[in-house]
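Notes follow the structure.
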Amino acid sequence: MNYWLVIGASFFYLALLFGLASWAERRSAAGRSFVGNPYIYALSIAVYCTAWTYYGSVGRAATTGLGYLAIYIGPTLMAPLWWVVLRKIIRICRVQRITTIADFISSRYGKNVTLGSIATIVCVLGIIPYISIQLKAIASSLDILTGANEVGRSPMFGDTSFFISLGLGLFTIVYGTRHVEATERHEGMVTAIAFESLFKLVIFIVAGVFVTYGVFNGFGDIMQQATQLPDFERMMTFDSDNGFSQWFWMVVLSMLAILFLPRQFQVAVVENVDEQHLNKAMWLFPLYLFAINIFVLPIAFGGDILFGNAGIDADMFVLAIPLNEGQSILALLIYLGGYSAATSMVIVATIALSVMISNNLVMPLLVGIPAIKNRYQNQFTKLLLFSRRLGILVILLLAYLYYKGVAEHYSLVEVGLVSFAAVAQFAPAIIGGIFWKEGTKNGALAGIVVGAAVWFYTLVVPSMVGVGMLPDAILEHGPLGIALLKPFELFGLQGMDYISHAMFWSMFLNVGLYIGVSLLSRQTSQERNQAEVFVDIFRYSTVFESSIVWKGTAYIPDIKSLLVNFLGEKKAEVALKAYKRKYPEPEDETGKADPKLVTYAEKVLSGVIGSSSARIMVASVVKEEKISIDEVLNILKESQQLISINNELRRKSLELRRATEQLRSANERLRHLDELKDEFLSTVTHELRTPLTSIRALSEILYDNPEMERADQEHFLQTIVKESERLTRLITHVLDLERFESGKQKLNLGPVQIEEVVRESVEVLGQLVQEKNIDLVVDVQHNLPVISGDKDRLMQVLVNLVSNAVKFCNPKQGRIIVSGYYIDGDIKVNVVDNGKGIDPEFHKQIFDKFYQAQNQNIRKPEGSGLGLAICKKIIESHQGRIWVESEPGKGSRFSFVLPVRVNVPANV
Amino acid sequence: MSTKEKLKVLVVDDEPSILMPLEFLMRKNGYQVYIARNGTEAMESVDKERPDVVLLDIMMPDVDGYEVCRHIRGQENMDGAKVIFMSAKTKDADIKKGYDVGADLYIPKPFSTRFLIEKIKELTKS
C-alpha cells in the first residue's frame, strides 16, 4: 500500500483525536462534560490494552499458547478489589492533591524529596521499554502494510519511526501541557482515550470476525486445523515444569500493573471525577478485557496455519492475514486500530511521566537551591511548563533509542513485561503505605532501591546482553565469573523462567527490606502525620487542613505571594476564596496566618509542583517549629475524637429531628381525624334537632290542647310519625355509613341480575312516582351478565338515586329514565332526571356526607344528607365507580358502573 | 288584649313540620300570624307587615336568619320589634353572632313551646 497514504491516514487520525479532544473540552466548558459519565471512565481505563494487547497477545498466543491470558486475568481479579484499594488511593490523591505515583510515594513518607526522585527515575526507566514497544508496533505495522524492507532503512533521520515519535511528542505537548496545574483534569484527553479504547476494540473484533468467518469457517474450523500444528499440544497445556509459577507471577504482575502503571494511575486516579464511577468500571473493564480477547486465539492459530514458518512476525498476524487475503482497506483500518492502541498509551504515559519529572526531579532541584530559587522567583510557571515539554520529548527520544537498540530484537510482550516488573516495585511501599502506619521512609527507600536494582540486573542487563551491548559471559558464567550472580540464576536459584525469577527475587527483597527496615527505623513527626492521614483517609478527608499538624509563624502576605508565584494572580485568588468559604473565620489582625491556611496553601501548591517541592517552598517562607511525634499523635487523636463526637451529635440530632417530625405528623393526622369526627358529630346532632323540634312542639300542643279539632289532631299525629321516620332513617344512615367507613360492613355476595334490581327498586318507589305524576321510563338491556354482588345494597343505591330524581325532577312535568347496559366489561346504570341540574363545581362534593348541610344554599327539604355518600361506599365496595354529569338547567344524570367480574370480600 | 291590638308574629322556618305547629301555637295564643318559608319571603313580609315579633330560623336555602335580622334592625319604625332566633345551631359562636346581629333571644332547637310562649309574653309585656 502507498506509504504516504498510510502516513497521511495516521496524521489524519491524530488530527481527528485532537479535534475530538478540543470539542470535549469546549463541551466541558459549557457545562456538558463527558467525563461525568462512568462509561467514559471505564473506557479510559482500557488504555491498559495497548499495542501489546492488539498485536502482542496474538504473537504470544501463536508462539506460546494460552499464556497470553495471564495478564488479563490479573486485572480481572483486581477489579473487585478496586473499591478497597483504588478508592482509597483516589481519595488520598484528591484530598492531598497528588498527581503522580512518585508524588504519592514521596507524600506518604513525609514528602521526602529523595524518595520522590528515585520513584520517578524507576518509573521513567521502567516505562521507557513499554513506550518503545508502542513505537515498535507502529513501525512494524507500517512496514508490513507498506511492504517496506526493514533492512534497507537508514538510521534516525531516514527512519519513519523517528518522525512518528517526534510527531507523537509534539501532539502530547500541545495536548497535555496546556495547564500548569496537574490536578486540573485533562477532560479532552480522557475523552480521546475513551474513544481510542472503543475504536481499537471494535476494529480488533472486526479483524477477528474476518479471520474466523471470512478466511476460515468459524471457530470450529480453525481449531480443527490447528490440531494439526506441531506445537498444538504444548500450546494448549500448562508447562509442567515452571508453567504454574509463570502463570502465578504473570497474574501477580498484572494485578500490580493495573494499579501502578503511571498511565493507569493517571486515568484511574488523577482523572477520576467521581468515586462512584468505580462501581461501573469494576465490571465494565473486565468485560472489555474479555471482549478484546475473544478472537486472539483464532487469529493466532489462523496465522500459524496460514504462514507456518514463512518468517512472518507472529506479533503482526492480525495485520498480515487480511493483507494476505488482499483486503487492503481492512488492513488499513486494522493498522489504525493498532495505531490508536499505541498512541493512547504513549500520550497518557508521557504526560504522566513528564509531570513526574518536572515535579519530583526538576522542581525540588530548583527550589532546593537558593540561588536558582531567587532568580526564577516569578517564572516558576514557565519553568514548570518548559520542563514538562522537554520531559515529553526526552522520554520519547529515550524510548526511540531503546526501541532501536533493544526492543527491536524482542517480542512486544517480552519487553512489556520488563516494564510491568519495574512498576511492581512500588507495590510494597504503596500498599503498605495505605494500610500500615508503621511503614517508614527508610523502609520504602530500601525496598524500592533494592527491588529496582534486582529488576535492572535480572531483566534489563540480560536484554542488553542479548543485543550484544554487554558480553555473553555475564549470562553464562556470571559477572567476573561469579556463578552465584548469574542474572538468570541469582544466588543459584534455578528452574524458573526469567520473569518469575526476577519477580521472585525483586519482590522478596523489596517486601523484606520494606518491612524489616520500617520496623527498625523511626518516623519523623511529619512522616507519622502523613501515615496517619493516608491510612485513615476516610476519617480525615473532610477536615484535611486541621489534620495536618503544623506549628510555627507565617504571615498571610508571604503565603499569598507564594501562591501567586506558582498559580498566577487569578488562580491564587480563586484558591484563597475557596479557603475563605471553607474557613470563614476572620483574619488575624497582626497578619499572621492560621496553620490551616499554611496547610491549605501547601496542598494547593502540591497540585502544581508536587508535594515535596511544595513542602520546601512553604518551609522557606514561614518560620516552623519542631513538633514531636507524640504531639502529632495527640493532636490527631483529639481531632479524631472531635470528629467522632461531632458525627455522633449530628447523628443523634438527626434522629431526634426525624422522631419529632414523625410525632408531629402523627399528631397532625390525629387532629385532623378528630376534627372530622367533631364535624360529623356536630352535623349529625344538628340534623337530629330539626325533626325533634317538630315532634316536641307537636306533642306539647296536642297535650296542652285536648279540645283540638279531630282533623288537626290527625294532621299533627301524622307529622309526628313522619318526623319519627325521618329520625329513624337518619340514624340508620349514620350507622350504615359508619360501618362502611370502619370496614365492618361486609357484603352479602350472591349472583345479581341488574335488570331485577332496577325493576324492584322502581317498584318500591312506584306509588311516589305516581303521586307526583312523573313519567318514569325503564330501559335495561335484556340478558345482562349476572354479576356477583350484594343485591340489597345495590337496591339501596338504586332506590336512593331514583328517589333523589323524584325529588329533584321538574315539579310540573317530571321525567326520569333508568337505563342499564353492558359496556367494556362493565355494567353501566344511569338515572336521568329533568330537574334543575347541578353546578359542575359540586359534582364531586355531593358524594360527601352532609354536603348539603354544610352548604345551606342548596339544602333540600328532606333526606339525611348521607344517601349519596352511602351509595358511593356501596359501589366502591363492589369495585365500581359512581359519578354525576349535569349542568344547571339541563337535568342530571347519575351513573355507576360495576365490573362484571367483581371480586369482593364475602360475608363471613 | 283586644283583637284590634293583636300583636303580629312572623314565623320563619324552611321546615314545614316546624312551621305548622308554631303557626297553630301562635294563633292559639291570640297573635296575628304570618309565615315565611325562606329568607326572601321573610324580608318581604317584614317590609309589608311590620311584625312585632319575629321567630326566626337561621339555616335557610336562600337568605339566612342572621341576614333577615340585620334587615329588620335596619328598618325605621321597627325599634320595638322583638327577634327570637330558634336554631339547631348550638355552638357558642353561633349564639353570640345571633345576639350580635341584634336578637332579643336565642333559643336552641329543640325547645319547649311553653317556654317559647312564656318568653314572647315576657318580651312583649310593656
Side-chain angles (χ1 to χ4, degrees), chain A residues 675 678-679 681-709 711-727 729-730 807-808 836 850-865, chain B residues 11-31 33 35 37-40 42 55-68 84-95 97 106-120:
Chain A
E675 266 171 22
D678 273 359
E679 204 179 287
L681 263 181
S682 114
T683 318
V684 168
T685 50
H686 174 254
E687 291 294 304
L688 289 171
R689 282 172 202 278
T690 304
L692 270 178
T693 307
S694 171
I695 292 169
R696 181 166 183 185
L698 291 163
S699 328
E700 277 179 357
I701 292 166
L702 278 173
Y703 185 85
D704 290 345
N705 301 283
E707 76 290 356
M708 267 176 82
E709 277 177 32
D712 280 343
Q713 277 181 3
E714 272 174 16
H715 189 198
F716 272 36
L717 286 168
Q718 254 173 21
T719 313
I720 288 174
V721 171
K722 230 173 74 190
E723 290 301 296
S724 307
E725 281 168 1
R726 185 170 157 191
L727 270 178
R729 198 162 54 234
L730 181 67
K807 260 180 255 166
F808 291 109
K836 60 183 176 182
F850 292 132
Y851 166 68
Q852 329 148 16
Q854 287 146 19
N855 294 268
Q856 299 147 26
N857 284 348
I858 63 157
R859 180 172 178 171
K860 61 184 185 197
E862 45 187 315
S864 65
Chain B
V11 185
V12 188
D13 202 303
D14 64 329
E15 285 281 346
S17 62
I18 290 179
L19 221 43
M20 195 247 299
L22 289 185
E23 187 188 357
F24 183 91
L25 188 69
M26 292 305 124
R27 194 168 292 129
K28 180 86 190 157
N29 280 278
Y31 298 115
V33 190
I35 56 169
R37 286 178 182 80
N38 55 49
T40 318
L55 301 182
L56 195 50
D57 185 21
I58 291 178
M59 287 195 288
M60 286 178 297
D62 50 353
V63 178
D64 71 20
Y66 296 125
E67 206 45 56
V68 176
I84 300 173
F85 277 125
M86 14 168 237
S87 173
K89 286 164 93 88
T90 53
K91 286 193 201 120
D92 289 348
D94 301 323
I95 296 173
K97 190 176 172 189
Y106 192 112
I107 306 176
K109 284 177 181 171
F111 48 82
S112 151
T113 46
R114 296 158 194 162
F115 174 77
L116 177 67
I117 288 299
E118 203 177 296
K119 284 297 166 187
I120 294 174

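Worth saying up front: this structure is predicted, and the values here are computed from it rather than measured.
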query = Which of these, B/Arg37, B/Met60, B/Met86, sits in a side chain to side chain contact (heavy atoms under 4.5 Å, CB included) with B/Asp13?
reply = B/Met86
Residue part contacting chain B, namely of A/Glu700, when any heavy atom lies under 4.5 Å = both
request  = For B/Phe111, check ring-ring contact (aromatic ring centres under 6.0 Å, His included) against everything at least two apart and list the hits.
outcome  = none
ask   = Where on A/Ser682 is there a heavy atom nearer than 4.5 Å to chain B: the side chain, the backbone, both, or neither?
value = side chain
inquiry  = Would the distance check show the side chain of B/Asp94 and the main-chain N or O of B/Lys89 forming a donor-acceptor pair, the cut-off being under 3.5 Å?
reply    = no
ask   = Which class fits the ring pair B/Phe85 and B/Tyr106: parallel under 30°, tilted 30 to 60°, perpendicular over 60°?
value = tilted
Heavy-atom pair count under 4.5 Å with chain A, highest-scoring of B/Asn38, B/Ile18, B/Leu19 = B/Ile18
task = For each of A/Leu692, A/Thr693, A/Leu688, tally heavy-atom pairs with chain B at distances under 4.5 Å, and name the one with the top tally.
result = A/Thr693
request  = Answer with side chain, backbone, both or neither: which region of B/Thr90 has an atom nearer than 4.5 Å to a non-hydrogen atom of chain A?
outcome  = side chain
remark   = Sorted by chain and number, sequence neighbours left out, side-chain hydrogen bond (donor to acceptor under 3.5 Å, both in side chains) with B/Glu23 holds for B/Arg27
